[in-house]
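Working notes, structure below.
Note that these values count all heavy atoms, side chains included, but never hydrogens, waters or copies made by symmetry. Owing to the predicted nature of the structure, the values given are computational and were not obtained by experimental measurement.
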Amino acid sequence: MADAQGTLAAAWSSAIGSGPLLLLTGGFVSAMSGNPAWILILGLLGVALTVLGLVSWKRVRGTLPNTKRLLIARGPGSARGGVMMVSVLAIVPGGILATAFPGIASRGTATLVAVCAARMYSLWLCWRPLSSSRP
């Protein structure tokens with residue numbers, strides 16, 4: 001029962017953390033593109049996700065989980081599954097970003113280098129948990 005409650009609390013905690021990330025992403029894209037619509041759309045989604053996460057997290061922490069419902073809390077199952085999951089999560093956003101490269105390149109080399117560096121950092125963050133050694 002504690003595992004199920006912990007899993008639900010962790011899921012809503014990730015929603016709480018993702019809300020400010022959406023807000024910051026909207027601000028960054030708005031600043032880079034000069035279009036304030038990004039901050040409005042992603043900012044509102046980020047605030048809504050944070051509020052929903054806070055409310056649901058408090059509700060999960062205050063109640064016991066339903067013991068009749070099976071809640072599976074596990075990762076991809078194997079190293080191959082983890083590598084495939086991270087690969088797909090790296091390729092899909094990379095493909096979407098690749099369609100924007102001509103427009104980014106027209107803004108100047110510094111902008112292109114900054115976007116590529118941000119992408120490489122995000123890939124490093126994805127692969128870092130897979131490469132960590134455990135005793």
message = Do Trp38 and Leu23 land in one hydrophobic cluster if side-chain heavy atoms of ILVMFWY residues count as linked below 4.5 Å?
response = no
request  = State, to 0.1 Å, how close Gly53 and Ala15 come at their nearest heavy-atom pair, and which atoms those are.
outcome  = CA-CB, 4.2 Å
ask   = With Val113, which residues qualify under side-chain contact (heavy atoms from CB on, under 4.5 Å), at least two apart?
value = Thr109
query = Roughly how far apart are Ile16 CD1 and Leu21 CG, rounded to 0.5 Å?
reply = 14.0 Å
message = Going by side-chain contact (heavy atoms from CB on, under 4.5 Å), name the residues that satisfy it together with Ser18, two or more places apart in sequence or in a different chain.
response = Leu49
ask   = Can you name the nearest heavy-atom pair linking Pro20 to Gly17, along with the distance?
value = CD-O, 3.5 Å
message = Between Arg59 (side chain only) and Leu54 (backbone N and O only), is there a donor and an acceptor less than 3.5 Å apart?
response = no
inquiry  = Please enumerate all residues that pass side chain to side chain donor-acceptor pair (under 3.5 Å) together with Trp57, with sequence neighbours excluded.
reply    = Ser13
task = Output every pair passing side-chain hydrogen bond (donor to acceptor under 3.5 Å, both in side chains) with a member in residues 24-35, not counting sequence neighbours, ordered by first then second residue.
result = none
task = For Leu52, check side-chain contact (heavy atoms from CB on, under 4.5 Å) against everything at least two apart and list the hits.
result = Trp12, Ser56
remark   = For Ile41, the side-chain contact (heavy atoms from CB on, under 4.5 Å) test, sequence neighbours excluded, returns Leu45
